[in-house]
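Accompanying notes for the structure given below.
The basis for the numbers below is simple: all heavy atoms, side chains too, and nothing from hydrogens, waters or symmetry mates.
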Amino acid sequence: MRVLYDSHTFSEQTFGGISRYFVELMNNLPDEWEYTLPLYASENDYLKLLHKKIKPIPLRNFPEHRKLYYFINGFADRNALRKEDYDVFHPTGFNPYFIERVLSPVVVTVHDMIYHYGLNPGKHTDEIMDNMRRTILAADRIIAISKATKEAILNFYNLNESIIDVIHHGFTPHVGRTLKLEYCPERYILFVGHRGGYKNFTTLLDAFSRIAESDRSIHLLCTGRAFSKKELKTIAARGLERRCSCRFIPVNDMHSLYANASCFVFPSKMEGFGMPILEAFAAGCPVILSNSSCFPEIAGNGGIFFDPDNPDELADKIEQTLCDPAFRDTKTLAAKQELERFSWQKTGAKTAETYLKAILS
C-alpha cells in the first residue's frame, strides 16, 4: 500500500509542530506501507530526521524564498497527483488545489481550530478558513489529534462523527547522554515556540516579573524567533532585560534544553495537542500549563495547571515547582506514567488503520 503526501507544510515551515508530526508519521508507518513525498526545495529542520533520506535544496538566501518553495514544490505535487501509483492521499496542509486532481481517497489531519475561534486574526484569516473548509469537506476521513480538536471540528462543521478518528501524537525517546548546554543560564524557566496572541506569552512575563523579584538567579529562556521590538519594550518595562533571552535551538538540543530546565511553562489558551508537553515529560521536566483546551486531556495527572488569565496563579505554581522538591518529584513521576499512553509507533499504526478505512469505504 502506498500513501502520497504533499509538500505544503515543508514549504511553509522551517520548524513547527505540523512538519514534525508528518516526519514522525512517515518514519513510523507499518512496514507494509510505503510513502511518496515530492519535495524539491525546503529548509525544514525536521527533514534531517527522516529515515528515508531526501535532499531538498534550501533557498533561504533567495528573495521571497517561500514563494519559490510553493512554486517549485507545487509543480512536483501536481505531477505526483496525476500518477496512479498511490492508494491514499494525505495533504500536509490546507490547500484545496488537489480536489480536481486527486485519484484516490483523501485523509486530512486537523491539528487545531484556532482560526475558527478568532484567536489568530490576520489579513489572510478569511482565505485560510475557506481553504480549511474546502479541504476538510473534501476528505473521505479526518484525523483529529485530540478529543478536544474533534469536538471543535463537529462544533463548526456538519459532519458525520464516524469519519473522524482521534489519533494522538507521540514522542521520540532520547538516545545518548543529556548534556548541559553551554549557552543556557544555570537556572531557567523554559518557553518554547511562537509567542503571539493566543500563545499568551504576556501572562508568563507578568508571572516571571513577580518570580524574578524574590529569586535573583532564575532566568526565562525562550526558543524561536528573536524578541520583537514590542516584546523587548515590554521586557524592559519590567526591568527584565538581563533575565530574559531568546535563541534558535537546533532540534537535536531540545531534549537537553528540557532536561536542564527548572520547569517548562505552556501558557497558551488553545492548542490542538501540545507536542512540547510530551517532549518535556520525556526529559523529566515539570510542566506548568493552562487548564484549558486539550491540555488536561494530554497532560493528565502529570500537568501542573493554572488559569491562563491569571498571572498570579501562574507565579504561585512556578514558585511551588521551584521550591518544593517533593512536589516536583511527584509530578515528574506522574508525567512518566502519562507518557506511556503515547508513542509515534501507535500514531503510525492507527493512521494506517485510518488509511485502510478510507480505501475500503
Checklist entry - Measuring from Thr149:OG1 to Ile167:CD1, what's the distance to the nearest 0.5 Å? => result 12.5 Å
Next on the checklist: Run the ring-ring contact (aromatic ring centres under 6.0 Å, His included) test against Phe306 and tell me which residues pass, sequence neighbours left out.
Outcome noted: none
Checklist entry - Going by the angle between their ring planes, with limits at 30° and 60°, are Phe266 and Phe264 parallel, tilted or perpendicular? => result tilted
Item to check | Partner set under ring-ring contact (aromatic ring centres under 6.0 Å, His included) for Tyr40, not counting sequence neighbours | outcome: none
Checklist outcome for this item: So CD1 of Ile218 and CD1 of Ile318: to nearest 0.5 Å the spacing works out to 9.0 Å
Checklist entry - Linking Ile, Leu, Val, Met, Phe, Trp and Tyr by side-chain heavy atoms under 4.5 Å, what else ends up with Leu333? => result none
Next on the checklist: Could you go through Val251 and Arg20, starting from their C-alpha distance and side-chain angles, then the distance that decides it, and tell me whether this counts as side chain to side chain contact (heavy atoms under 4.5 Å, CB included)?
Outcome noted: CA-CA 10 Å; Val251 61; Arg20 179 65 181 270; 3.8 Å; yes
Next on the checklist: Please determine whether side chain to side chain contact (heavy atoms under 4.5 Å, CB included) holds for the pair Thr92 and Ile18, giving the CA-CA distance in whole Å, both sets of side-chain angles, and the decisive distance to 0.1 Å.
Outcome noted: CA-CA 8 Å; Thr92 64; Ile18 296 176; 5.6 Å; no
Checklist entry - To the nearest 0.5 Å, what is the distance between CG (Asp130) and CZ (Arg134)? => result 6.0 Å
Checklist entry - Any donor and acceptor pair, going by atom type alone, linking the side chain of Asn131 with main-chain N or O of Asn95 inside 3.5 Å? => result no
Next on the checklist: Between Thr354 and Thr351, is there a side-chain donor-acceptor contact under 3.5 Å, judged purely by atom types and distance?
Outcome noted: no
Checklist entry - Has the side chain of Asn155 got a donor or acceptor atom that lies under 3.5 Å from a matching backbone atom of Glu151? => result no
Checklist entry - Side chains of Thr14 and Asp45: is there a donor and an acceptor less than 3.5 Å apart? => result no
Next on the checklist: Is the ring pair His111/Phe22 parallel, tilted or perpendicular, if the boundaries are 30 and 60 degrees?
Outcome noted: perpendicular
Checklist entry - Is there a donor-acceptor pair under 3.5 Å between the side chain of Ser146 and the backbone N or O of Gly272? => result yes
Item to check | Asn291 side chain to Phe305 backbone, donor-acceptor under 3.5 Å | outcome: no
Item to check | Contacts of Asn28 that satisfy side-chain contact (heavy atoms from CB on, under 4.5 Å) - sequence neighbours left out | outcome: Glu24, Trp344, Gln345
Next on the checklist: Same cluster or not: Ile136 versus Val107, using hydrophobic residues (I, L, V, M, F, W, Y) connected whenever any side-chain heavy atoms lie under 4.5 Å apart?
Outcome noted: no
Next on the checklist: Under the criterion salt bridge (charged side-chain N to carboxylate O under 4.0 Å, His left out), I'd like the reasoning laid out for Glu231 against Arg195: C-alpha separation, chi angles, the key distance, then a yes or no.
Outcome noted: CA-CA 9 Å; Glu231 287 172 330; Arg195 299 182 296 274; 2.9 Å; yes
Checklist entry - Hey, any chance Val108 and Ile143 share a hydrophobic cluster, counting ILVMFWY side chains that come within less than 4.5 Å of each other, even indirectly? => result no
Next on the checklist: Quick one, Ser361 with Arg141, criterion side-chain hydrogen bond (donor to acceptor under 3.5 Å, both in side chains). Give me CA distance, side-chain angles, the key distance, then yes/no.
Outcome noted: CA-CA 9 Å; Ser361 63; Arg141 293 202 71 84; over 6 Å; no
Next on the checklist: So if I apply the salt bridge (charged side-chain N to carboxylate O under 4.0 Å, His left out) rule between Asp165 and each of Lys350, Lys147, Lys357, Lys150, which one comes out positive?
Outcome noted: Lys357
Checklist entry - Is the backbone N or O of Asp206 less than 3.5 Å from a side-chain atom of Arg210, with the two atoms forming a donor-acceptor pair by type? => result no
Item to check | Set of residues satisfying salt bridge (charged side-chain N to carboxylate O under 4.0 Å, His left out) with respect to Arg341, sequence neighbours excluded | outcome: Glu338
Next on the checklist: Under a 3.5 Å threshold, yes or no: a donor from one side chain and an acceptor from the other, between Ser268 and Asn200?
Outcome noted: no
Checklist entry - So among Arg66, Arg60, Lys67, which one has a salt bridge (charged side-chain N to carboxylate O under 4.0 Å, His left out) with Glu64? => result Lys67
Checklist entry - Does anything in residues 205-238 pair up under ring pair (Phe, Tyr, Trp, His ring centres under 6.0 Å), and if so which pairs, sequence neighbours excluded? => result none
Next on the checklist: Rounded to the nearest 0.5 Å, what separates atom CD1 in Ile189 from atom CG in Leu322?
Outcome noted: 5.5 Å
Next on the checklist: Strictly distance-based, threshold 3.5 Å: is any side-chain N or O of Tyr46 a donor or acceptor partner for the main-chain N or O of Phe15?
Outcome noted: no
Next on the checklist: Would you call the rings of His169 and Phe273 parallel, tilted or perpendicular, taking 30° and 60° as the class edges?
Outcome noted: tilted
Checklist entry - Under 3.5 Å, is there a donor-acceptor pair between the side chain of Ser256 and the main chain of Leu179? => result yes
Next on the checklist: Using 30° and 60° as the class boundaries, would you call the ring planes of Tyr5 and Tyr35 parallel, tilted or perpendicular?
Outcome noted: perpendicular
Next on the checklist: According to ring-ring contact (aromatic ring centres under 6.0 Å, His included), who are the partners of Tyr70, at least two apart in sequence or on a separate chain?
Outcome noted: His8
Next on the checklist: Main chain of Lys48, side chain of Lys53: is a donor-acceptor contact present, judged purely on distance under 3.5 Å?
Outcome noted: yes
Next on the checklist: Taking the basic N atoms (NZ, or NE/NH1/NH2) and the acidic carboxylate oxygens, is any pair closer than 4.0 Å for Arg187 and Asp215?
Outcome noted: yes
Next on the checklist: Tell me whether Arg247 forms a cation-pi arrangement with Tyr183, defined as NZ or CZ under 6.0 Å from the six-membered ring centre and within 45 degrees of its axis.
Outcome noted: yes
Next on the checklist: I'd like to know whether Asp77 forms a salt bridge (charged side-chain N to carboxylate O under 4.0 Å, His left out) with Arg82, so could you lay out the CA-CA distance, the side-chain angles of the two residues, the decisive distance to 0.1 Å, and finally the verdict.
Outcome noted: CA-CA 9 Å; Asp77 290 335; Arg82 284 195 294 267; over 6 Å; no
Checklist entry - So, is the end of the Lys336 side chain (NZ or CZ) under 6.0 Å from the ring centre of Phe281 and within 45° of the ring's axis? => result no
Item to check | Shared hydrophobic cluster for Leu50 and Leu4 (ILVMFWY, side-chain gaps under 4.5 Å) | outcome: no
Checklist entry - Taking only residues two or more places apart in sequence, or in another chain, which ones meet Thr330 in a side-chain contact (heavy atoms from CB on, under 4.5 Å)? => result none
Checklist entry - To the nearest 0.5 Å, how far apart are OG in Ser42 and CD in Gln13? => result 10.0 Å
Checklist entry - In Å and rounded to the nearest 0.5 Å, what is the CG to NZ distance from Leu289 to Lys317? => result 11.0 Å
Item to check | Option among Ser262, Cys184, Cys244, Cys246 that satisfies the side chain to side chain contact (heavy atoms under 4.5 Å, CB included) test with Leu221 | outcome: Cys184
Checklist entry - Do Pro308 and Ser292 come close enough that some side-chain heavy atom pair is under 4.5 Å? => result yes
Checklist entry - Would you say Asn260's side chain and Leu181's backbone share a donor-acceptor pair under 3.5 angstrom? => result no
Checklist entry - Can you name the side-chain contact (heavy atoms from CB on, under 4.5 Å) partners of Asp112, sequence neighbours left out? => result Ile114
Item to check | Pairwise salt bridge (Lys or Arg N to Asp or Glu O under 4.0 Å) hits with a residue in residues 282-309, at least two apart | outcome: Lys269-Asp309
Checklist outcome for this item: Phe98 meets the ring-ring contact (aromatic ring centres under 6.0 Å, His included) criterion, sequence neighbours left out, with Phe89
Next on the checklist: Is it true that Glu271 and Tyr198 share a donor-acceptor pair across their side chains at a distance under 3.5 Å?
Outcome noted: no
Checklist entry - Which pairs with one or both residues in residues 126-156 pass ring pair (Phe, Tyr, Trp, His ring centres under 6.0 Å), sequence neighbours excluded? => result His116-Phe156, Tyr117-Phe156
